[in-house]
Protein chains: 2
Amino acid sequence: MAGSGRGPRERMVFSAAQLIRRDGVTATGMRDVAAHAGAPRGSLQHYFPGGKEQLVNEAVEWAGRYAARRVDRFLAELPRPTPGGLFAAMVRQWTDEYENSGFGTGCPVAAATVDCTASTESTRTAAADAFACWNRPLARALGEMGVPAERTEALATLMIGALEGAILIARAERDVRALTSVARELGPLLDGCATEAPPGR
Amino acid sequence: MAGSGRGPRERMVFSAAQLIRRDGVTATGMRDVAAHAGAPRGSLQHYFPGGKEQLVNEAVEWAGRYAARRVDRFLAELPRPTPGGLFAAMVRQWTDEYENSGFGTGCPVAAATVDCTASTESTRTAAADAFACWNRPLARALGEMGVPAERTEALATLMIGALEGAILIARAERDVRALTSVARELGPLLDGCATEAPPGR
DNA sequence: CCAGTATTATGACGAGCGTCATAGACGGCA
DNA sequence: TGCCGTCTATGACGCTCGTCATAATACTGG
């Protein structure tokens, strides 16, 4: 994850996302963000006159765009794209990170949702937008893989939800088991939804 | 959710869980817990000499036992138990709560995981135990419904993960859509795993 | 070189936090 | 009545937080 290039403003947004996904929003201090970004403390109030709320919101938005970009990249890398294969790639990103760098970090959007939904309306909105931003390319991809149009959005939500939940469990257990289990079980089921009649109900 | 009965100690644990699942661990103050429980502030240090860490851990443990108990209750209430029906009941608990009481609260175990995994080892352990405590009766139930033994644990994890993720998305969107979508899509797929050959792979 | 804006630097403030210290109230039992 | 463990009550301490005020510095166009 490169992020030390660019201007100090972008570095601070990136650092905020990193710290938030590790410690949560409330436990992440403005001074910590500046230090982590190697940026002067005085720049915070200059670039983010809206204070912590603005910084957090921008970090969440950044995370949403990042997740959407990753979906497109996974699609481009898959030789023969299937729903299960795409989901496996999404999961693998996390198992790789956890095996290489430990279980210290989760998803910043999830952290912001847990931490700010009840208190900060604008952050809640930013989190909802981030999920939508992530959901959109996923649903589109599912449609292109043969999933019936009326189910693409719901299945995309299922994929994101299952991934987020598995991340939670994996962090708590310090074990990628939850991630691999979810990928192994849900993957084939997702593949069954492509170019097939929807399950009777 | 009854909780105002019992002794002040139990009330404080219960109140801690309530506040944590609404505001997160860091944003929940000890004074808030005492006030919410209608308990004297001085009792906190008397019943929880281990400080906030102990209180949070007990709240997380309580939540894990609560979730496990709910699984058993759902099973008892289902006339003809199927994996999808059980999952629908678990999801319905949350859609009911959100439609009746708003989207202010989430799962306390998820909140503790997001908020404390990186900083407080004992709380991370408590969260892992809570997930395990929840997973156990679920996996057992799946086995009794005809799911092959080698898949019960993974499918239980998938159910919990999908539910937790959908809760996150629903809170952010202030909409039960994610919950209903996940239940509608995952339910039939889960039913297909009972008394059937596992999907080829 | 100068003017003026953009950026950085630093100290202070008030509020809230978790924790501690200490004293008071209560209640069963001799 | 007197004692003693359990519980309650309250004020204080040290710390960190987000924010603000104010000044110094860097940079850019004339």
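Every chain is numbered from 1 and lettered A, B, ... according to where its sequence line falls, protein lines coming before strand lines. Owing to the predicted nature of the structure, the values given are computational and were not obtained by experimental measurement. What's counted below: heavy atoms across the whole structure, side chains too, no hydrogens, waters or symmetry copies.
Note: CE (B/M30) to C1' (C/dT19) measures 9 Å, nearest angstrom. Atom pair A/R9:CZ and C/dT8:P shows a separation of 12 Å (rounding to whole Å applied).
A heavy atom lying under 4.0 Å from DNA chain C marks the following residues of residues 40-48 of chain B, by number: B/R41, B/Q45.
Put simply, the side chain of B/D72 reaches to within 4.5 Å of the side chain of B/R140, judged on heavy atoms. Within the 4.5 Å cutoff, the side chain of A/Q93 has no heavy atoms near those of the A/R73 side chain. Taking 4.5 Å as the limit, every side-chain heavy atom of B/F103 sits out of range of all side-chain heavy atoms of A/R124.
Looking at heavy-atom distances under 4.0 Å, A/T28 makes contact with sugar-phosphate atoms alone, never a base.
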Could you go through the salt bridge (charged side-chain N to carboxylate O under 4.0 Å, His left out) check for B/R92 and B/E77 one step at a time? CA-CA 13 Å; B/R92 187 154 41 236; B/E77 285 170 357; over 6 Å; no
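The aromatic rings of A/F131 and A/W134 lie parallel to each other, their planes meeting at an angle below 30°, with 60° marking the opposite boundary. The aromatic rings of B/Y66 and B/W62 sit parallel, their planes meeting at an angle under 30°, below the 60° perpendicular limit.
Read 5' to 3', the first and last nucleotides of DNA chain D with an atom closer than 4.0 Å to a heavy atom of chain A are D/dC17 to D/dA21.
Residue B/E164 holds its CD atom at 8.0 Å from OG1 of B/T113, rounded to the nearest 0.5 Å. The CD1 atom of A/I160 sits 4.5 Å away from the CG atom of A/N135 when rounded to the nearest 0.5 Å.
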